[in-house]
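Since the structure comes first, as structure tokens, the remarks are kept for the end.
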Amino acid sequence: MKKLEDLKYVVRLSEVSKIFGSDEHKTVALQNVSCEASAGELVLLLGPSGSGKTTLLTLIAGLLRPSSGTISLFGKNIESYSAKMLQQIRAMRIGFIFQTFLLIDSLTVQENVGVVLRFNGKTRREAHRHAFRLLEQFRIEHLAKKFPRTLSQGEKQRVAVARAIANEGDLIIADEPTGCLESKQGFEIIQLLKTYSKDQNRCVIVGSHDLRIEEFADRILRLEDGILRESA
Amino acid sequence: MDMYAVRTLRSQPLRLMLTIGGIALCVILMFFLFAVYRGAADGSVEYIRQNKTDLWVLQRNATNILRGSSLVSAVQGRKIQQIPGVKSISPVLFVLAAIKKGDRDRTVFLTGFDPEKNIGGPPYLVAGRNISHDNEIVLDKSFAAKFRFKVDDHVEIQEHSLRVVGISTGTNAFVIQYAFVTVRFLQKMIGFPGIATCYLVEVDEGNTLAEISSQIRRELPRLEVYDHETFLENNIQEMKSGFLPLLYTVAAIGGIVLTVILSLLLTVNILERRKDFAVLKTLGSPKGFLRWLIIEQALLISSAACVVALIVFFPLVQMIEKISPEVSTKSTVEQIIVVVIIVEIMSLISSFLSIRRLRSIYLMEAFL
Ligand SMILES: Nc1ncnc2c1ncn2[C@@H]1O[C@H](COP(=O)(O)OP(=O)(O)OP(=O)(O)O)[C@@H](O)[C@H]1O
Ligand SMILES: [Mg+2]
């Protein structure tokens, strides 16, 4: 697997289609999508509900297999990775942000961030310490021992970003990160992600239907009914 | 993260407590069965174990005294005595008989022996003394407690009145208890003077048991001879064959109930937190990590249940023994360790049953 700086593209899709179901019940979620994303850029995947954003993001993360076409992730065809390698890639090189953040309710904030580091091979103590440093970085260290249900949306999003970048992944995949936020908070999370992509020279792909965040994107991919309309 | 196992369990305290309680009950059941078994096992064969003699002589085809009948006549007894190398013989006669108290009666395993021979009597005396006359009786401790007999009381057996002179232990076979009278009294009571169930034979020094045994067999082909160890083993086997199938059946049911309760809880926990598991999978959790979570939970719950069971068990047993004294139990450290190991194994099985649920959680689920 290649290092990030040697890669022209972090992700590259060519002629990727994804069809769910079969025969009468089939849904074409994506049709012949070709696109790419590189280190240092924030790519915005824009499209209305049902346009295939989530499908595309999960394909990129190797959580789904395409029906046809090829996806290359970190310079290699994703088909060539075994399930175990994909799991390790997700643990080491990819960070995730989910629509409702999906912090784990029964874990403290610090543990929520630390869990990724555990998958990343750190010991419990290392993970714990490193997680705290990350919380400090986001100025939420006072929340370390709190449980997610006691947090405000704004606090949750910071924890979510801290968790996403905890493994210092080369690729951040965020699905509707602003979905449940007011615009001010929405801007903040995008700003945080943008900063990460620029400062660390990492690739961030954001799926959203939120037109307000267009201005933060380095590049916008517009999806409509599974078809990529234009790249700008 | 490793707190996840504990935290998710604690987030539903009532459910957790019910589960631990249910499993603890199963564990107590198993402890109790083993304890009753050990108690009954000891009570059944302690008589034989403590009456150490060289040879036991019974009627052919009778291998034990617990189940099966044997009759040896006085004539045969005399013939045994005359065999060179036989030092002494002591007749023992076993008869099932009812002891009356008021309008109640209760069967005992009436054991007639010769008090002058100093063998064939109760294994341990905890009160009073041994019998020395025909109108005296020694009762088992549990039996005496159950029917409130004390030393110096009088009991009635078939119109005969006997004085309780002592109380014995090691004589409670759970389903029945031993009681001791003189063999002469018992022979008279049943109307067969000279009859015995078996003879306890002591051999003169300088003779091998094998030699004397074969000589008895040759002279008295209708009799069978066992050395002490073999005879003890026969009786243990007999007792086991009557007891163990039941023990295993009930213990197995307990084990199954425990496994079902535990896998149910673990499965419900997984299904309730599908999203958590989906998120963990997406974030790159190794398979082993999630499996270990479930195993950890299973072991935590079963260990907690074992602790609860241990705390409750001993006072409970004391209470039961107070209410029904004929239940005499014996718990050894080994027994408890065996049960705990069984429980932990069952809990591992439950975790494996539940772990299969993890597979039904799709990688994509966190995004839906
Ligand atoms: N597992 C699935 N099985 C069947 N159909 C699916 C599955 N996942 C997605 N689809 C379908 O594929 C299409 C694209 O769905 P997708 O979730 O990718 O859209 P989206 O752009 O993320 O929408 P939203 O903004 O509502 O999240 C939809 O028509 C959806 O119903
Ligand atoms: Mg979506």
Side-chain angles (χ1 to χ4, degrees), chain A residues 20 53-59 61-65 83-108 110-124 127-128 131 147 149 160 163-164 166-167 169 173-176 207, chain B residues 1-17 19 265-298 300-301 304 354-368:
Chain A
F20 289 108
K53 303 179 297 285
T54 300
T55 307
L56 190 58
L57 292 175
T58 46
L59 280 169
L63 299 167
L64 272 184
R65 301 252 141 158
K84 188 168 171 60
M85 283 165 84
L86 283 171
Q87 170 251 309
Q88 285 169 341
I89 288 173
R90 289 199 305 277
M92 313 274 201
R93 298 190 75 174
I94 306 182
F96 291 91
I97 298 177
F98 308 98
Q99 176 160 7
T100 49
F101 305 132
L102 297 185
L103 301 175
I104 292 167
D105 274 334
S106 43
L107 295 181
T108 64
Q110 190 169 6
E111 286 162 346
N112 260 286
V113 176
V115 66
V116 187
L117 297 160
R118 294 279 285 140
F119 301 159
N120 203 354
K122 291 212 163 36
T123 65
R124 202 191 301 197
H128 210 62
F147 287 92
R149 63 178 171 279
R163 179 171 76 177
N167 60 0
I173 291 175
D175 195 15
E176 307 278 9
Chain B
M1 180 51 207
D2 311 75
M3 292 303 289
Y4 184 83
V6 187
R7 293 262 177 71
T8 49
L9 290 177
R10 273 210 328 227
S11 67
Q12 294 279 351
L14 182 67
R15 187 191 297 165
L16 177 64
M17 261 152 45
T19 310
L265 172 94
L266 295 172
T267 306
V268 167
N269 260 345
I270 293 174
L271 293 183
E272 249 181 20
R273 293 166 194 277
R274 283 188 86 94
K275 207 87 184 187
D276 282 2
F277 282 101
V279 168
L280 292 173
K281 273 188 170 183
T282 301
L283 295 183
S285 150
K287 270 191 186 148
F289 192 91
L290 297 181
R291 287 184 190 154
W292 178 243
L293 270 181
I294 312 297
I295 295 173
E296 235 179 341
Q297 291 187 334
L300 273 168
I301 293 173
S354 322
I355 279 171
R356 295 183 314 165
R357 284 277 147 211
L358 287 176
R359 254 184 276 157
S360 72
I361 296 171
Y362 304 106
L363 278 170
M364 237 193 105
E365 246 172 75
F367 288 92
L368 300 179

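Residue numbers start from 1 in every chain, and the chains themselves are labelled A, B, ... in the order their sequence lines are given, proteins ahead of strands.
- Minimum heavy-atom separation, A:Ser106 to B:Asp276: OG-OD2, 4.3 Å.
- Annotation for A:Phe96 and B:Thr282: closest pair CE1-O, 3.3 Å, computed over non-hydrogen atoms.
- When heavy atoms are compared at a cutoff of 4.5 Å, A:Leu64 approaches chain B solely by way of its side chain, counted from C-beta outward.
- B:Pro286 pairs in a side-chain contact (heavy atoms from CB on, under 4.5 Å) with only one of the listed residues (A:Arg118, A:Gln87, A:Lys84), which is A:Gln87.
- Pairing each heavy atom of B:Lys281 with each of A:Arg90, the nearest pair is O-NH2, 3.2 Å.
- Within the 4.5 angstrom heavy-atom criterion, no atom of A:Gln99 approaches chain B.
- Looking at B:Arg10, there are no atoms closer than 4.5 Å to chain A (heavy atoms on both sides), in backbone or side chain.
- Counting heavy atoms of neighbouring residues, nucleotides and ligands inside a 6.0 Å radius, atom CZ of B:Arg356 does not exceed 12 of them.
- For the atom pair CG (A:Asp105) and CZ (B:Arg7), the distance works out to 12.0 Å, reported to the nearest 0.5 Å.
- The nearest pair of heavy atoms linking B:Gly284 to A:Ala91 is O-CB, 3.5 Å.
- If you take CZ on A:Arg65 and CG on B:Leu363, they are separated by 10.0 Å, rounding to the nearest 0.5 Å.
- If you measure heavy-atom distances from A:Phe101 to chain B, you find no contacts under 4.5 Å at all.
- Rounding to the nearest 0.5 Å places OH of B:Tyr362 at 14.5 Å from CG of A:Leu63.
- Contact annotation for A:Thr100: neither backbone nor side-chain heavy atoms come within less than 4.5 Å of a heavy atom of chain B.
- Taking all atoms of both residues into account, the shortest heavy-atom contact from A:Phe119 to B:Leu280 is CE1-O, 3.7 Å.
- Neither the backbone nor the side chain of B:Ser11 comes within less than 4.5 Å of any heavy atom in chain A.
- For the atom pair B:Arg273 CZ and A:Ile104 CD1, the distance stands at 10.0 Å (nearest 0.5 Å).
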